[in-house]
Amino acid sequence: MSAEQGLARWHKVIENGSDPAELAAIMRPDAVFHSPVVHTPQEGREIVVAYLSAAGQTLGNDSFTYVRELVDGENAMLEFTTEMDGIKVNGIDLIRFDEDGMIADFKVMVRPLKAVNKVWEMMAAQLERQKAG
């Protein structure tokens, strides 16, 4: 399965609202997540799903849109824009898929600094809500 096929599955999950069960179904057990606001890589399906689900709830508002996609072998780069509390956010999802089209590595980069600070604030709040729920 190619990155293009894995990417099609990713888009379907995003369109459905980043449901944790759907995210887990396209994620390797040993997947790694690289956050723009957390220093160390987050390892393992459960923590990666928690971060991506929280991101879907915070970044994935009505203004979220992917504006560019590049696919090369097992890698995909998706540039996105969104707005959070009046702050324009520009970012990149860099995803590496395995041979079965499962997500093996997911890196998010965000700009400008004001946007990074807003993402950190809102992601922290969303992750706390997930823990409490």
Side-chain angles (χ1 to χ4, degrees):
M1 183 178 284
S2 69
E4 289 173 349
Q5 291 168 308
L7 198 53
R9 291 167 48 193
W10 166 254
H11 282 301
K12 189 164 198 68
V13 170
I14 297 304
E15 289 168 14
N16 290 341
S18 300
D19 177 74
E22 290 185 27
L23 284 167
I26 63 170
M27 197 76 47
R28 287 177 54 97
D30 61 347
V32 179
F33 179 76
H34 308 270
S35 167
V37 296
V38 177
H39 175 66
T40 58
Q42 303 300 300
E43 299 179 6
R45 179 186 286 145
E46 187 175 322
I47 191 75
V48 174
V49 166
Y51 271 88
L52 290 176
S53 176
Q57 299 303 311
T58 56
L59 292 167
N61 58 43
D62 291 343
S63 68
F64 183 92
T65 187
Y66 282 119
V67 295
R68 183 170 24 172
E69 270 186 26
L70 303 171
V71 178
D72 182 30
E74 64 187 11
N75 298 295
M77 186 283 303
L78 297 88
E79 180 181 4
F80 64 85
T81 60
T82 192
E83 192 169 314
M84 301 169 70
D85 289 347
I87 296 171
K88 293 186 186 306
V89 179
N90 179 229
I92 291 175
D93 291 337
L94 186 58
I95 309 169
R96 183 173 52 82
F97 296 91
D98 70 9
E99 60 279 354
D100 297 320
M102 301 289 279
I103 293 174
D105 193 87
F106 200 109
K107 183 182 292 184
V108 180
M109 293 181 273
V110 174
R111 62 167 298 279
L113 180 59
K114 186 189 293 188
V116 174
N117 291 335
K118 180 53 70 176
V119 168
W120 178 83
E121 172 191 323
M122 294 182 80
M123 282 286 294
Q126 184 63 34
L127 287 166
E128 279 302 313
R129 280 194 289 279
Q130 285 181 356
K131 284 181 189 174

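When reading the values below, keep in mind they use all heavy atoms of this one structure, side chains included, and skip hydrogens, waters and symmetry mates. Quick caveat: nothing in here was measured; it's all calculated off a predicted structure. If you read the sequence from its start, that first residue is 1, and numbering goes on from there.
Donor-acceptor pairing under 3.5 Å is lacking for the side chains of Thr81 and Thr65.
None of His34, Arg28, Arg96 except one satisfies the side chain to side chain donor-acceptor pair (under 3.5 Å) rule with Asp105; the exception is His34.
The two residues Ser63 and Glu83 come nearest to each other via the heavy atoms OG-N, 2.8 Å. Residues Ile103 and Ala31 approach most closely at O-CB, 3.7 Å, considering heavy atoms. Summarising the geometry of Glu4 relative to Val71, their closest heavy-atom pair is CG-CG1, 3.7 Å, with the distance given to 0.1 Å. Contact between Arg45 and Met27 at its shortest, heavy atoms only, is NH2-O, 2.8 Å. Heavy-atom minimum distance, Val48 versus Gln42: CG2-O, 3.7 Å. Listed here is the closest heavy atom pair of Pro112 and Lys88: CD-O, 3.8 Å.
Side chains of Ile95 and Phe97 form a contact here, defined as non-hydrogen atoms less than 4.5 Å apart. Using a 4.5 Å heavy-atom threshold, the side chains of Asn90 and Glu79 count as touching. At least one side-chain heavy atom of Arg9 sits less than 4.5 Å from a side-chain heavy atom of Met102. Looking at Phe106 and Asp93, their side chains come closer than 4.5 Å, going by heavy atoms from C-beta outward. Counting heavy atoms from C-beta on, the side chains of Val89 and Val110 come closer than 4.5 Å. Using a 4.5 Å heavy-atom cutoff, the side chains of Leu23 and Tyr51 are not in contact.
Both Leu7 and Val49 are part of a single hydrophobic cluster, where members link through side-chain heavy atoms under 4.5 Å apart. Neither Met109 nor Val38 shares a network with the other; the hydrophobic side chains, linked directly or stepwise wherever heavy atoms of I, L, V, M, F, W or Y lie under 4.5 Å apart, form separate groups for each. Under the 4.5 Å side-chain heavy-atom criterion for ILVMFWY residues, a single connected hydrophobic cluster contains both Ile26 and Ile47. One hydrophobic cluster holds both Phe80 and Val37 under the rule that ILVMFWY side chains link at heavy-atom gaps under 4.5 Å. A chain of hydrophobic side-chain contacts below 4.5 Å, direct or via other Ile, Leu, Val, Met, Phe, Trp or Tyr residues, connects Val108 to Met84.
The number of heavy atoms from other shown groups lying within 6.0 Å of CD (Glu46) does not exceed 12.
Distance CG/Leu70 to CG/Asn75: 11.0 Å, rounded to 0.5 Å.
Taking a cutoff of 4.0 Å between a charged side-chain nitrogen and a carboxylate oxygen, Glu121 and Lys118 qualify as a salt bridge.
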